[in-house]
Amino acid sequence: MTDGDTPWEPPFDGTEAEHLVGALDRLRTTFRWKADDLDAAGLQARVGASALTLGGLLKHLALCEDMMFTAQFRGEKLGAPWDSVDWDAGDEFSSAAADTPEQLYAFWDGAVARSRATLDAALAGGGLGQRVHLTGPNGEPVGLRRLVCDLIEEYGRHTEHADLLREAVDGRVGEDPPPGWRAVSGR
């Protein structure tokens, strides 16, 4: 197996930034693998009494990516598709039922691409210790490191949800994508 077979693997020995970005990308990839190649019924499948779906998670994590690196990091307003959402009508989880699989994959893939570009530029231009637009509850400064850790936490939580949902849809199980895996849908 070569690094090209599992490009999502974090480094075995790297800098703090390389490890954090590696952990985030491994979770992103594992989540995407869990949500990949499903039709509308698969993306809307639920487990038990929960209203959570893989489609809802795709849309939620796309919003989290854009919130972190557009609003919280740069202090900018969110653009499409978020600027046209009627938030009074429901949240991203419930509104995902009205989106096609192609839209849901595009929301997530686009948000992750934007986030990766922003994070790469930020790391090259100031590192994890740089201050971001977001401030804490008492006005204290927030660093980029905190945003990256918050996003890792968000993916950790929801990748576990995706494990359960995907297994219920078609039995797909596993900790990581198989070597050589690439997204089928939305690309």
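Each residue takes its place number in the sequence, starting with 1.
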Given Leu78 and Asp83, is the side-chain contact (heavy atoms from CB on, under 4.5 Å) satisfied, shown in steps?
CA-CA 6 Å; Leu78 295 179; Asp83 56 353; 5.7 Å; no
What pair of heavy atoms forms the shortest contact from Val169 to Ala45, and how long is it?
CG2-CB, 3.6 Å
Distance, nearest 0.5 Å, that separates CZ of Arg131 from CZ of Phe73
12.5 Å
Can you tell me how far apart CD (Glu9) and CG (Asp25) are? Round to the nearest 0.5 Å.
11.5 Å
Verify, without hydrogens or angle tests, whether Asp91 (side chain) and Phe93 (backbone) share a donor-acceptor contact under 3.5 angstrom.
yes
Is there side-chain contact between Pro177 and Thr30, with heavy atoms separated by less than 4.5 Å?
yes
So, does Glu102 use its side chain to make a donor-acceptor pair with the main chain of Thr100 at under 3.5 Å?
no
Would you say Leu144 and Leu119 make side-chain contact, with heavy atoms under 4.5 Å?
yes
Can you confirm whether more than 12 heavy atoms, excluding those of Arg146, are under 6.0 Å from its CZ atom?
no
Using 4.0 Å as the upper bound for N to carboxylate O, is an ion pair formed by Glu175 and Arg26?
yes
Just how far is it from atom CG of Leu24 to atom SG of Cys149, taken to the nearest 0.5 Å?
10.0 Å
Any donor-acceptor pair under 3.5 Å linking the side-chain atoms of Ser185 with those of Asp36?
yes
Grab the two heavy atoms, one from Leu134 and one from Val142, that are nearest each other, plus how far apart they are.
O-CB, 3.4 Å
Between CZ on residue Arg172 and CG on residue Leu165, distance to nearest 0.5 Å
13.5 Å
Looking at Arg166 and Asp170, is any side-chain nitrogen of the basic one under 4.0 Å from a carboxylate oxygen of the acidic one?
yes
To check you understand the geometry: which heavy-atom pair defines the closest contact between Trp33 and Trp181, and what is its length?
CD1-NE1, 3.4 Å
Specify the closest pair of heavy atoms between Val21 and Leu123, including all atoms of both residues, with the distance to one decimal.
CG2-CD1, 3.7 Å
Distance from Leu52 atom CG to Ser94 atom OG, nearest 0.5 Å?
11.5 Å
Taking every non-hydrogen atom, the tightest pair across Lys34 and Ala162
CB-CB, 3.9 Å
Using every non-hydrogen atom in the two residues, find where Val173 and Glu167 come nearest and quote the distance to one decimal.
CG1-CD, 3.5 Å
For residues 56-69, tabulate all N or O donor-acceptor pairs below 3.5 Å that involve a side-chain atom, not counting sequence neighbours.
unit_1: Lys59; atom_1: NZ; unit_2: Ser95; atom_2: OG; d: 2.8
unit_1: Lys59; atom_1: NZ; unit_2: Asp99; atom_2: OD2; d: 2.7
unit_1: His60; atom_1: ND1; unit_2: Glu92; atom_2: OE2; d: 2.5
unit_1: His60; atom_1: NE2; unit_2: Glu154; atom_2: OE2; d: 2.7
unit_1: His60; atom_1: NE2; unit_2: His158; atom_2: NE2; d: 3.3
unit_1: Glu65; atom_1: OE1; unit_2: Arg28; atom_2: NH2; d: 2.8
unit_1: Glu65; atom_1: OE1; unit_2: Ser115; atom_2: OG; d: 2.8
unit_1: Glu65; atom_1: OE2; unit_2: Arg28; atom_2: NE; d: 2.8
unit_1: Glu65; atom_1: OE2; unit_2: Arg28; atom_2: NH2; d: 3.4
unit_1: Glu65; atom_1: OE2; unit_2: Tyr155; atom_2: OH; d: 2.7
unit_1: Asp66; atom_1: OD1; unit_2: Arg114; atom_2: NE; d: 3.2
unit_1: Asp66; atom_1: OD1; unit_2: Arg114; atom_2: NH2; d: 3.3
unit_1: Asp66; atom_1: OD2; unit_2: Trp82; atom_2: NE1; d: 2.6
unit_1: Asp66; atom_1: OD2; unit_2: Arg114; atom_2: NH2; d: 2.8

Rounded to the nearest 0.5 Å, what separation is found between the CD1 atom of Ile152 and the CG atom of Leu20?
5.0 Å
Can you get from Leu164 to Leu38 by hopping between Ile, Leu, Val, Met, Phe, Trp and Tyr side chains that sit under 4.5 Å apart?
no
Short side-chain to backbone donor-acceptor contact, His19 and Gly14, under 3.5 Å
yes
Parallel under 30°, tilted from 30 to 60°, perpendicular over 60°: which one fits the rings of Trp108 and Phe31?
tilted
